[in-house]
Amino acid sequence: MDSLPLDLLKSLGSGQSIGSLCRASGIARKEFDRLWKAEIERRTPDPDVRLQTGVSAEARVARNRWGVPQIHAENDQDLFFAFGFAMAQDRLFQLDYLRRRGHGRLSEILGEEGIYLDSVTRTVGLNRIAASEWESTPAETSDLLESFSNGVNTSIDLSSGNLPIEFSLLDYEPEQWRPVDCLAIAAEFRYYLTVRFPVIVGPELAKRALHDETLYEAFLTGEADEESIIPQGAYPSAAADVSPVGASVGDPQEGEGSNNWVVSGAHTSSGLPMVSSDPHIAFAAVSCWYEVQLKGGSFDVAGMAYAGMPAVMFGRNRNVAWGITNNVCSQRDLYQERTDPG
């Protein structure tokens, strides 16, 4: 046996243990591990593949020693085609999972385990929001999303019969990628970051209980909010011992959550300002972030994209660096219904 049978992979995907399948198939565990490794390697896309595709000029995807794609093209459309192709090479199952999550279609492949997430997505209407946003997307952006989608689909077509192993475990194949899929992923990501019920319920309950405008204002004011920009002279310019971030306000959770900071060039060895971005997202394997370098057309940028969203959300170009922080702003309205007993 040179590869793992599809029926065995489907059984694994349905929840059967490796041990029970090895016993039923008469395969030693060591042999199973060898076959699994070989199967994964066989399904790994060739990073050096050369293709005749729909690009108008040569586009290249070179990978550095960490596997980060460095994408070069002569125009924006070809650049984003190669961007989609490279991301699908690396993250095809993740892309499909995230778009299903955004459209409310996880239960089609996960069964009952996906019903709750689908019900939330469809009740809120994230799929409808994405469809509406696509209708109003500016032409410049929609053109790039189309190019990105064409690149993803080229990778899907090239992988036919040799898809990432997750598809065999769950016994399905990915559909063609559409630009609206990127918007569905963006909508679900926004929802994940901002829809936190206590953020709007807490202040409402405080308002009803406190009444006093001064107390209510104090409740809404962040602790040590005036210290978000450190005044000149607050810290010695010479190197000194460090202390835990929370020590200044006595909060053991101080410093948790998304944050960023910038330092003046007067305090750096290069004499140039430095920016640090620390967007905290719950740990996952594979990471939701996708590191990339884009060079060509009107782009010369390196940084992090969110899987399925072809935009460098935080990174740098030749002139500026930027970061992102989730401020947990309210992007929805909460209504309390009053029922009529009659």
Side-chain angles (χ1 to χ4, degrees), residues 47 55 57-91 94-95 98 137-138 140-141 143-145 147-148 151-152 182-183 185-186 189-190 192-194 228-230 235 245 255-329:
V55 295
E58 182 183 25
R60 292 180 289 112
V61 179
R63 297 182 183 274
N64 64 19
R65 60 190 175 123
W66 296 287
V68 175
Q70 298 168 319
I71 303 172
H72 300 260
E74 295 184 15
N75 57 70
D76 293 353
Q77 286 70 31
D78 291 350
L79 188 71
F80 274 69
F81 177 95
F83 191 3
F85 183 83
M87 188 180 289
Q89 274 192 320
D90 296 335
R91 306 283 187 90
Q94 183 188 32
L95 291 177
L98 289 175
T137 299
E140 180 182 8
T141 305
D143 286 347
L144 295 182
L145 288 174
S147 296
F148 177 84
V152 173
C182 300
L183 302 185
I185 290 174
F189 188 46
R190 289 196 304 265
Y192 161 75
L193 288 175
T194 62
S228 58
I229 298 179
I230 300 172
Y235 287 91
V245 174
E256 292 186 6
S258 296
N259 51 74
N260 56 46
W261 49 258
V262 64
V263 176
S264 162
H267 301 290
T268 66
S269 59
S270 66
L272 299 174
M274 294 176 60
V275 61
S276 173
S277 183
D278 189 11
H280 294 188
I281 299 293
F283 177 79
V286 175
S287 170
C288 62
W289 302 117
Y290 186 80
E291 191 173 357
V292 68
Q293 179 181 352
L294 303 172
K295 188 169 184 178
S298 57
F299 291 87
D300 187 357
V301 58
M304 289 288 184
Y306 187 83
M309 295 165 55
V312 175
M313 297 176 65
F314 52 101
R316 66 186 188 279
N317 58 28
R318 291 191 178 277
N319 300 312
V320 66
W322 62 94
I324 56 173
T325 295
N326 181 26
N327 64 0
V328 201
C329 61

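Worth saying up front: this structure is predicted, and the values here are computed from it rather than measured.
Looking only at side-chain heavy atoms (C-beta outward), Gln70 and Asn64 come within less than 4.5 Å of each other. In this structure, Phe299 and Phe80 have side chains that are in contact, with non-hydrogen atoms separated by less than 4.5 Å. Contact of the Asn317 side chain with the Val312 side chain is not registered, since no non-hydrogen atoms from C-beta on lie closer than 4.5 Å. At a threshold of 4.5 Å between non-hydrogen side-chain atoms, the residues Arg91 and Val286 count as touching. Residues Ile71 and Leu79 form a side-chain contact, since some pair of their non-hydrogen atoms from C-beta on lies under 4.5 Å apart.
Here the side chain of Arg190 pairs no donor or acceptor atom with the backbone of Ile185 at under 3.5 angstrom. The backbone N or O of Ala88 lies less than 3.5 Å from no partner atom in the side chain of Gln94, so there is not a single donor-acceptor pair. Remark: side-chain polar atoms of Thr141 are not paired, donor with acceptor, to backbone N or O of Thr137 under 3.5 angstrom.
Screening residues 74-85 for side chain to side chain donor-acceptor pair (under 3.5 Å) gives Ser56-Asn75, Ser56-Asp78, Asn75-Asp78, Asp76-Ser298 as the qualifying pairs, with residues at least two apart or on separate chains. Judged as a salt bridge (Lys or Arg N to Asp or Glu O under 4.0 Å), not a single pair has a partner in residues 258-276 (not counting sequence neighbours). Here salt bridge (Lys or Arg N to Asp or Glu O under 4.0 Å) pairs that include residues 285-311, with residues two or more places apart or in two chains, are Asp300-Arg318.
Taking OG of Ser147 as the start and CZ of Phe85 as the end, the distance is 15.0 Å to the nearest 0.5 Å. Between atom CZ of residue Phe148 and atom CE of residue Met309 there is a gap of 10.5 Å, rounded to the nearest 0.5 Å.
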Audit row: Leu95, Met87, side-chain contact (heavy atoms from CB on, under 4.5 Å) steps and yes/no: CA-CA 9 Å; Leu95 291 177; Met87 188 180 289; 3.7 Å; yes
Check against side-chain contact (heavy atoms from CB on, under 4.5 Å), Phe81 and Leu144: CA-CA 8 Å; Phe81 177 95; Leu144 295 182; over 6 Å; no
Evaluation steps, side-chain contact (heavy atoms from CB on, under 4.5 Å), between Ile281 and Trp289: CA-CA 9 Å; Ile281 299 293; Trp289 302 117; 3.6 Å; yes
Criterion ring-ring contact (aromatic ring centres under 6.0 Å, His included) on Phe189 and Tyr306, from CA distance to verdict: CA-CA 9 Å; Phe189 188 46; Tyr306 187 83; 4.0 Å; yes
Steps toward side-chain contact (heavy atoms from CB on, under 4.5 Å) verdict (Thr325, Phe314): CA-CA 10 Å; Thr325 295; Phe314 52 101; over 6 Å; no
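Here the closest heavy-atom approach between residue Phe83 and residue Ala311 is recorded as CE2-N, 4.2 Å.
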Less than 3.5 Å apart, which donor and acceptor atoms pair up between the side chains of residues 269-277 and the rest of the protein, not counting sequence neighbours?
residue, atom, partner, partner atom, Å
Ser270, OG, Leu272, N, 3.2
Ser277, OG, Ile324, N, 3.1
Ser277, OG, Ile324, O, 3.4

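Here Arg63 pairs with Gln89, Asp90 under the side-chain hydrogen bond (donor to acceptor under 3.5 Å, both in side chains) rule; sequence neighbours left out. With sequence neighbours excluded, no residue forms a salt bridge (charged side-chain N to carboxylate O under 4.0 Å, His left out) with Asp143.
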